[in-house]
Each structure stands twice: as C-alpha cells, then as structure tokens.
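Chain identifiers are assigned alphabetically (A, B, ...) following the order of the sequence lines, protein sequences preceding nucleic acid strands; residue numbering begins at 1 within each chain. This structure is a prediction, so every number in the text was calculated from the model and none was measured.
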Amino acid sequence: MKSFTERVWEQLKLIPKGKVASYKTLSEAMNSKAYRAVGSAVKKNPYAPGVPCHRVVKNNGEIGGYSGPGGVKRKIEILKKEGVEIIKNKVDLKKYLYEFR
DNA sequence: CGCTTGACACCGT
DNA sequence: AACGGTGCCAAGC
C-alpha cells in the first residue's frame, strides 16, 4: 500500500531537469488537495537522487526549506545548475514551473 | 509598481 | 497528540 508520502515521490520523479514544481501543483497532480502534507512527505524522503525533492518549491516560487547538506543554500545551487535561475531565494514559476500533464 | 514580512489554518506521518 | 511545512491574506515602504 503506497503511503501518501510515497505517492509524492512519484510526482517528483516526473519533474524534468531545469524545471520545478510547487507543493500545491504536486498535490493536484496526484488528485489530492493536501499540499500541506506534501511538504511533510518531502521532508521524510530518505532517498537522495531517486527523489529530486530539491526541485520542489513553494507555490509562490520561494525555495522553502531543505533538510539536506548546506540547507536552502545547497538547494538553490542545485536548481541553478539545472538551468533554473534563482532570484532572492525565489524561482520564476512562469518560466520554470512544471505542469503534470 | 515591486518587494518584503508576519500570522493563521490546514494536511499527513 | 504533536510536529513540520505549505498557502493565502494584508500592510507598509
């Protein structure tokens, strides 16, 4: 039985490099409105590259948090490396927001 | 106009 | 039960 958390990871894997998805969009992609719980799910993610939790940002483009090494700073660095420009800890959703379709 | 900050409520584990 | 984390709102400069 897949837990809500595992289902979230499935959506993360669908995100292509150079794009980011918001927790809210993620919840809608899985037919759930518990976008608040998505944040908790990502935090519990014990997998590293298998689940690109660093590609998940808040609906307003803010990076949010990162439980990995280096904290949010590290997350921003990775996104920039992917081709996503980070402005003041925020991403241009209009340009990098990935839609699950 | 653009940008920032604080607080609250809600979700799943 | 508690915790963490997100989303929207408003106001101010």
Report task. Using chain A heavy atoms and a threshold of under 4.0 Å, write down where along DNA chain B the contacts begin and end, 5' to 3'. Result -> B:dT4 to B:dT13
Using a cut-off of 4.0 Å on non-hydrogen atoms, how would the nucleic acid contact of [X] be classed: base, sugar-phosphate, or nothing?
| X | value |
| --- | --- |
| A:Lys33 | nothing |
| A:Ser40 | base |
| A:Ser3 | sugar-phosphate |

Query raised in the report: A:Leu93, A:Leu26: one ILVMFWY side-chain cluster at the under-4.5 Å cut-off?
Result: no
Query raised in the report: When hydrophobic residues are tied together by side-chain contacts of less than 4.5 Å, even through go-betweens, does A:Phe100 share a cluster with A:Trp9?
Result: yes
**Report entry** Carboxylate-amine/guanidinium proximity below 4.0 Å for A:Glu77 and A:Lys80
**Finding:** no
Requested in this report: Give, ordered by number, those residues of residues 93-101 of chain A having at least one heavy-atom distance below 4.0 Å to an atom of DNA chain C; if nothing qualifies, reply none.
Outcome: none
**Report entry** With A:Lys2 via side chain to side chain contact (heavy atoms under 4.5 Å, CB included) - residues at least two apart
**Finding:** A:Glu6, A:Glu10
Report summary line: With sequence neighbours left out, the residues meeting side chain to side chain contact (heavy atoms under 4.5 Å, CB included) with A:Lys95 are A:Glu85, A:Asp92
Could you go through residues 54-66 of chain A and list every donor-acceptor pair under 3.5 Å that involves a side-chain atom there, pairing it with any protein atom two or more places apart or in another chain?
residue	atom	partner	partner atom	Å
A:Arg55	NE	A:Glu82	OE1	3.4
A:Arg55	NH1	A:Ile15	O	3.0
A:Arg55	NH2	A:Glu82	OE1	2.9
A:Arg55	NH2	A:Glu82	OE2	3.3
A:Asn59	OD1	A:Ser22	OG	3.4

Mind listing the N/O atom pairs, protein and nucleotides 6-13 of chain C, below 3.5 Å?
residue	atom	partner	partner atom	Å
C:dT6	OP1	A:Gly65	N	3.4
C:dT6	O2	A:Arg36	NE	3.4
C:dG7	OP1	A:Asn59	N	2.6
C:dG7	OP2	A:Asn59	N	2.9
C:dC8	OP1	A:Asn59	ND2	3.2
C:dC8	OP2	A:Asn59	ND2	3.4

Query - Student check: side-chain heavy atoms of A:Ile78 and A:Val84 closer than 4.5 Å - result: no
Requested in this report: Evaluate the side chain to side chain contact (heavy atoms under 4.5 Å, CB included) criterion for residues A:Met30 and A:Val8: first the C-alpha distance (whole Å), next the side-chain angles of each, then the deciding distance (0.1 Å), finally the verdict.
Outcome: CA-CA 8 Å; A:Met30 65 175 71; A:Val8 174; 3.6 Å; yes
Query raised in the report: Which pair of heavy atoms, one from A:Ala21 and one from A:Tyr98, lies closest together, and at what distance?
Result: CB-O, 4.3 Å
Query raised in the report: Of the non-hydrogen atoms in A:Gly18 and A:Tyr96, which two are nearest, and what is the gap between them?
Result: O-CD2, 3.3 Å
Requested in this report: Would you kindly give the CG-to-C1' distance between A:Asn45 and C:dG5, to the nearest whole Å?
Outcome: 15 Å
